[in-house]
Colleague: 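This is the structure, below, for whatever I ask next.
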Amino acid sequence: EAQLVESGGGSVQTGGSLRLSCSASGDIMRTSCMGWWSQVPGQGMVRVARIDTLNVTTYLDSVKGRFTISPDNAKNTMYLQMNSLKPEDTAMYYCAADSRPDSTGYSGGSLDTSRYNYWGQGTQVTVSS
């Protein structure tokens, strides 16, 4: 059973930066679409960024140009570099993996949370104005 553990959250002021890390057990990252999701209390999960098994990245419009998702397969760790943070970025951030590739070996994830079969426990990001 794979495990994902996030770290790196914290409190910063507007314009600050944080780097979230997602440590994955085993070799799951090499065969999975990996994603970062956010959730504000009382609201649904939002996919912030993802990287598929072809290393194609996709970002939520509101974070384009500010956030970067990047894997380090040698360390089994995925990162989310968050720059120019805004108060509206405040949320719990979760790392997730879709480790069920299709018959060609491709895994692209989805905007549907149910597609992701492994989730971390979350790390809180708070941006103050």
Side-chain angles (χ1 to χ4, degrees):
E1 183 82 1
Q3 287 189 323
L4 303 175
V5 179
E6 302 97 333
S7 61
S11 297
V12 297
Q13 292 189 325
T14 297
S17 296
L18 286 172
R19 188 177 77 161
L20 306 184
S21 298
C22 172
S23 178
S25 64
D27 209 25
I28 189 174
M29 283 180 52
R30 298 182 188 275
T31 57
S32 299
C33 176
M34 302 295 295
W36 284 98
W37 295 71
S38 68
Q39 186 173 35
V40 175
Q43 298 184 22
M45 299 281 273
V46 175
R47 194 181 71 183
V48 176
R50 67 108 186 180
I51 182 165
D52 68 16
T53 50
L54 296 177
N55 285 328
V56 175
T57 56
T58 304
Y59 296 93
L60 184 68
D61 282 348
S62 62
V63 308
K64 286 180 181 177
R66 299 189 299 122
F67 291 9
T68 303
I69 185 172
S70 61
D72 185 335
N73 290 328
K75 295 182 178 179
N76 290 330
T77 301
M78 181 181 66
Y79 302 100
L80 184 68
Q81 180 66 43
M82 310 168 76
N83 298 329
S84 302
L85 282 161
K86 304 175 181 180
E88 50 264 44
D89 296 321
T90 295
M92 184 72 81
Y93 284 77
Y94 297 89
C95 169
D98 170 8
S99 68
R100 296 170 292 190
D102 64 20
S103 59
T104 69
Y106 174 74
S107 178
S110 169
L111 289 175
D112 182 352
T113 56
S114 66
R115 179 68 199 175
Y116 290 79
N117 52 324
Y118 292 107
W119 291 84
Q121 82 290 347
T123 185
Q124 177 68 38
V125 171
T126 303
V127 185
S128 58
S129 57

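Keep in mind that the numbers below use all heavy atoms, side chains included, and drop hydrogens, waters and symmetry copies. Just so it is clear, the model here is predicted, and its values are computed rather than measured.
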Colleague: Closest heavy-atom contact between M34 and L4?
Modeller: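 Closest approach of M34 to L4: CE-CD2, 4.2 Å.
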Colleague: For a 4.5 angstrom cut-off between non-hydrogen side-chain atoms, does T14 reach P87?
Modeller: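 Yes. Closest side-chain heavy atoms under 4.5 Å.
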Colleague: Establish, from distance only, whether the side-chain atoms of S99 and N117 form a donor-acceptor pair under 3.5 Å.
Modeller: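 The criterion, which ignores hydrogens and geometry beyond distance, is satisfied for N117 and S99.
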Colleague: Decide whether T58 and R50 meet the rule of one side-chain donor and one side-chain acceptor closer than 3.5 Å.
Modeller: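 Yes, side-chain donor-acceptor contact under 3.5 Å.
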Colleague: List the atom of Q39, the atom of G44, and the distance in Å for their closest heavy-atom pair.
Modeller: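 Result for this residue pair: CG-O, 4.0 Å.
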Colleague: About how many Å separate CD of Q81 and CZ of R66, when rounded to the nearest 0.5 Å?
Modeller: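 The CD atom of Q81 is 12.0 Å from CZ of R66, to the nearest 0.5 Å.
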Colleague: Using side-chain heavy atoms (C-beta onward) and a distance below 4.5 Å, is T31 in contact with T53?
Modeller: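 Not touching, per the 4.5 Å side-chain cut-off.
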Colleague: Which atom names give the shortest non-hydrogen contact between G9 and T123, and what distance separates them?
Modeller: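 So the minimum-distance heavy-atom pair works out to N-OG1, 3.1 Å.
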Colleague: Hydrogens and angles aside, do N83 and S17 bring a side-chain donor and acceptor to less than 3.5 Å of each other?
Modeller: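 The answer is yes; a qualifying pair exists.
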Colleague: Is there a side-chain contact between Y59 and V48, using heavy atoms and a 4.5 Å cut-off?
Modeller: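 Result no, sub-4.5 Å side-chain heavy-atom pair not found.
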Colleague: Taking atom types as modelled, is there a side-chain donor on Y106 or D52 under 3.5 Å from an acceptor on the other?
Modeller: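 There is such a pair between these side chains.
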Colleague: Are T90 and V125 side-chain neighbours, meaning at least one heavy-atom pair lies under 4.5 Å?
Modeller: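 They are not in side-chain contact.
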Colleague: Can you find a heavy atom in the side chain of V46 that is under 4.5 Å from one in the side chain of W37?
Modeller: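 Not touching, per the 4.5 Å side-chain cut-off.
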Colleague: Heavy-atom distance under 4.5 Å between the side chains of I69 and M78, does that happen here?
Modeller: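 I69 vs M78: side chains touch.
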Colleague: Does the side-chain contact (heavy atoms from CB on, under 4.5 Å) test come out yes or no for Y116 and C33, once each step is laid out?
Modeller: CA-CA 8 Å; Y116 290 79; C33 176; 3.8 Å; yes
Colleague: Given the rule in the side-chain contact (heavy atoms from CB on, under 4.5 Å) test, do D98 and S32 qualify, once you have shown the distances and angles that lead to the verdict?
Modeller: CA-CA 5 Å; D98 170 8; S32 299; 5.7 Å; no
Colleague: Between W36 and F67, is the gap from one ring center to the other below 6.0 Å?
Modeller: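 Not close enough - the centres of the two rings lie 6.0 Å or further apart.
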Colleague: Can any side-chain N or O of R115 pair as donor or acceptor with the backbone N or O of R100 at less than 3.5 Å?
Modeller: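 Yes.
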Colleague: Counting C-beta onward and ignoring hydrogens, is there a side-chain heavy-atom pair between Y79 and D72 closer than 4.5 Å?
Modeller: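 Yes; the side chains approach each other to less than 4.5 Å.
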Colleague: Output the distance between atom NZ (K75) and atom OG (S23), rounded to the nearest 0.5 Å.
Modeller: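 Going from NZ on K75 over to OG on S23, the span is 11.0 Å.
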Colleague: So does K64 pair up with D61, basic N to acidic O under 4.0 Å?
Modeller: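 Between D61 and K64 there is a salt bridge, with a charged N closer than 4.0 Å to a carboxylate O.
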Colleague: Answer yes or no: is there a side-chain heavy-atom contact under 4.5 Å between E6 and Y94?
Modeller: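 Heavy-atom side-chain distance check passes, below 4.5 Å.
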Colleague: To the nearest 0.5 Å, what is the distance between OH (Y93) and CE (M45)?
Modeller: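 One finds 11.5 Å between OH of Y93 and CE of M45.
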